[in-house]
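One structure below.
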Amino acid sequence: MISLNWYLVVSALLFCIGLIGVLVKRNVIMVFLCLELMLNAANLSLVAFSDYLGNIQGQIFTIFNITVAAAEAVVGLAIIISLYRNRAMTNVDDFNLLKW
Amino acid sequence: MVKLIFIILAGIGVIAALMVVSLKNVVHSAFCLIITLFCVGCIFVLLHAEFLAATQILIYVGAIMVLVIFALMLIDSRETANDRRFHHQSQWVIIVGVILALEIVIFIIPKSKFIVNPEKMIAQTAEAGGNTQLLARYLFTDYLFAFEFASLIILVAVVAAVFLGKRLSPTGKRE
């Protein structure tokens with residue numbers, strides 16, 4: 001039987017890798033991929049807690065997490081493609097349209 | 001045996017996640033992320049969440065990553081492979097991120113005491129007749145409002161994607 005802590009360690013590692021990727025990468029699609037990684041790390045720890053504490057609500061929350069991630073992917077990619085078509089840029093540092 | 005499978009899956013998942021961050025080509029990173037998501041889905045099976053494992057493969061690997069790769073094919077990858085891939089302050093971010101990871105993994109998680117009761121979930125699952133039945137029982141009773149609200153969020157996302165995907169006319173109006 002694996003201890004709960006092992007799952008949490010894997011979840012924490014995935015989350016930190018995703019966090020570093022979001023802050024370091026400059027390509028907007030790479031930032032997006034690392035965001036998905038962070039969401040997945042959170043899902044992993046929710047499911048691990050759900051199984052070890054005997055409470056199904058962690059899995060229910062994971063379903064909603066996946067739903068929100070799918071909606072976020074759709075809107076995010078639409079924004080990225082729209083920006084690329086109108087301004088031909090994919091670098092996050094160039095996105096300053098909303099700055100005043 | 002289960003421990004060995006878990007270590008293999010977790011190792012492949014973490015190494016693929018590191019490759020997502022470190023690889024130069026965005027398409028390669030996307031494929032490495034697919035490997036990570038697949039490994040996380042397999043770990044869900046070890047955690048007695050079979051329905052979520054199937055959902056993870058279907059939605060993340062099957063839908064979201066296909067969408068991302070589609071978007072990558074629409075965007076010119078020659079421009080995305082520019083020489084300055086990393087932010088100019090990236091060394092500080094990496095130092096802080098590694099310190100954060102070590103702090104969580106070495107100091108916080110091993111010192112935490114959780115009152116675990118793994119048999120409770122197995123008993124609940126057996127009583128309901130399976131993981132999917134147990135999930136459905138809660139999803140369509142206690143969480144029915146959240147479930148309906150999630151469908152509303154997806155509807156809004158679809159409308160937003162169709163609106164944003166339209167081409168701007170020269171006068172600035174969306175056609």
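Keep in mind it's a predicted model, so treat the numbers as computed, not measured. To find a chain, count down the sequence lines: A is the first, B the second, and so on, and within it residues start at 1.
- Looking at B/T36, only its side chain comes within 4.5 Å of chain A, counting heavy atoms on both sides.
- Between B/I94 and A/V24, the closest side-chain pair of non-hydrogen atoms falls below 4.5 Å.
- In the hydrophobic cluster analysis, where Ile, Leu, Val, Met, Phe, Trp and Tyr join through side-chain heavy atoms closer than 4.5 angstrom, B/L18 is grouped apart from B/I99.
- Put simply, the residue from B/L135, B/T55, B/I59 that forms a side-chain contact (heavy atoms from CB on, under 4.5 Å) with A/I63 is B/L135.
- B/L100 touches chain A through backbone and side chain together, each having a heavy atom under 4.5 Å away.
- For a residue to count as touching a neighbouring chain, one of its non-hydrogen atoms must lie under 4.5 Å from one of that chain's; by this rule B/A150 touches chain A with backbone and side chain alike.
- Contacts with chain A were tallied for B/L52, B/I154, B/V156, B/I122; B/L52 has the most, counting heavy-atom pairs under 4.5 Å.
- Of the two parts of B/L74, the backbone and the side chain both hold a non-hydrogen atom closer than 4.5 Å to a non-hydrogen atom of chain A.
- Neither the backbone nor the side chain of B/F70 comes within contact range of chain A; no heavy atom of the residue lies under 4.5 Å from a heavy atom of that chain.
- Heavy-atom neighbours of A/M38 CE from other residues, nucleotides or ligands within 6.0 Å: above the threshold of 12.
- In terms of heavy-atom pairs under 4.5 Å with chain B, the best-connected choice from A/I56, A/L37, A/V74 is A/I56.
- Hydrophobic clustering of Ile, Leu, Val, Met, Phe, Trp and Tyr side chains at less than 4.5 Å, counting indirect connections, unites B/L102 with B/V93.
- If you measure heavy-atom distances from A/I17 to chain B, the contacts under 4.5 Å come from both the backbone and the side chain.
- Both B/I106 and B/V98 belong to a single network of hydrophobic side chains, linked directly or stepwise wherever heavy atoms of I, L, V, M, F, W or Y lie under 4.5 Å apart.
- One finds the CG atom of A/L23 at 15.0 Å from the CH2 atom of B/W92 (value rounded to the nearest 0.5 Å).
- Across all non-hydrogen atoms, the minimal contact from B/Y143 to A/F64 is O-CZ, 4.2 Å.
- Proximity to chain A (any heavy atom under 4.5 Å) is shown, for B/L139, by both the backbone and the side chain.
- Considering only heavy atoms from C-beta on, B/I104 stays 4.5 Å or farther from A/V9 through its side chain.
- For A/A41, no part lies near chain B; criterion is any non-hydrogen pair under 4.5 Å.
- Of the listed residues (A/I81, A/V22, A/V68, A/I66), the greatest number of heavy-atom pairs within a distance under 4.5 Å of chain B belongs to A/I66.
- Residues of residues 7-17 of chain B placed with any heavy atom under 4.5 Å of a heavy atom in chain A are listed by number as B/A10, B/G13, B/V14, B/A17.
- By the salt bridge (charged side-chain N to carboxylate O under 4.0 Å, His left out) test, B/E127 pairs with B/R137, sequence neighbours left out.
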Next on the checklist: Please determine whether side-chain hydrogen bond (donor to acceptor under 3.5 Å, both in side chains) holds for the pair B/D142 and A/Q57, giving the CA-CA distance in whole Å, both sets of side-chain angles, and the decisive distance to 0.1 Å.
Outcome noted: CA-CA 10 Å; B/D142 291 359; A/Q57 285 164 3; 5.5 Å; no
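- When the candidates B/V105, B/N117, B/I153, B/I109 are compared by the number of heavy-atom contacts under 4.5 Å with chain A, B/I109 comes out ahead.
- For A/A70 against B/I64, the heavy-atom pair with the smallest separation is CA-CD1, 3.8 Å.
- Following chains of ILVMFWY side-chain contacts shorter than 4.5 Å, one cannot reach B/I57 starting from B/V45, and the two form parts of different hydrophobic clusters.
- Of the atoms belonging to A/N55, it is backbone heavy atoms, and not side-chain ones, that fall under 4.5 Å from chain B.
- Residues B/V26 and A/M30 approach most closely at CG1-SD, 3.9 Å, considering heavy atoms.
- Under the rule for a ring-ring contact (aromatic ring centres under 6.0 Å, His included), B/Y60 has no partner lying at least two apart in sequence or in another chain.
- B/V20 and A/K25 make their closest contact through O-CE, 4.4 Å (heavy atoms, listed as atom of the first residue, atom of the second, distance).
- Interatomic distance, B/L47 CG to A/S50 OG, rounded to the nearest 0.5 Å: 8.5 Å.
- Note: A/L44 leads A/L44, A/T67, A/I80, A/L53 in heavy-atom pairs under 4.5 Å with chain B.
- Here the closest non-hydrogen pair linking B/M121 and A/Q59 is CE-NE2, 3.9 Å.
- Per-residue counts of heavy-atom pairs under 4.5 Å with chain B were compared for A/V28, A/L19, A/L8; the largest is that of A/L8.
- Of all the listed residues (A/T62, A/V10, A/L77), the one sharing the greatest number of non-hydrogen pairs under 4.5 Å with chain B is A/L77.
- Atom CZ of A/F61 has 12 or fewer heavy atoms from other residues, nucleotides or ligands within 6.0 Å.
- One distance of note links CG of A/L33 with CD1 of B/I34; it measures 9.5 Å at 0.5 Å rounding.
- Remark: B/F140 CZ is packed, more than 12 non-hydrogen atoms of other residues, nucleotides or ligands lying under 6.0 Å away.
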Item to check | side-chain hydrogen bond (donor to acceptor under 3.5 Å, both in side chains) between B/Q56 and A/N40, intermediate numbers included | outcome: CA-CA 9 Å; B/Q56 169 96 357; A/N40 231 274; 2.8 Å; yes
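- Note on B/E119, B/K3, B/H48: by heavy-atom pairs under 4.5 Å with chain A, the leading option is B/H48.
- Of all the heavy atoms in A/V75 and B/A160, the pair that sits closest is CG2-CB, 4.2 Å.
- Residue pairs that meet the ring-ring contact (aromatic ring centres under 6.0 Å, His included) test with at least one member in residues 13-56 of chain A, sequence neighbours left out, are A/Y7-A/Y52, A/F49-B/F114.
- Under the 4.5 Å side-chain heavy-atom criterion for Ile, Leu, Val, Met, Phe, Trp and Tyr, B/V27 and B/L37 are members of the same hydrophobic cluster.
- Only the side chain of B/M65 comes within contact range of chain A, with at least one heavy atom under 4.5 Å from a heavy atom of that chain.
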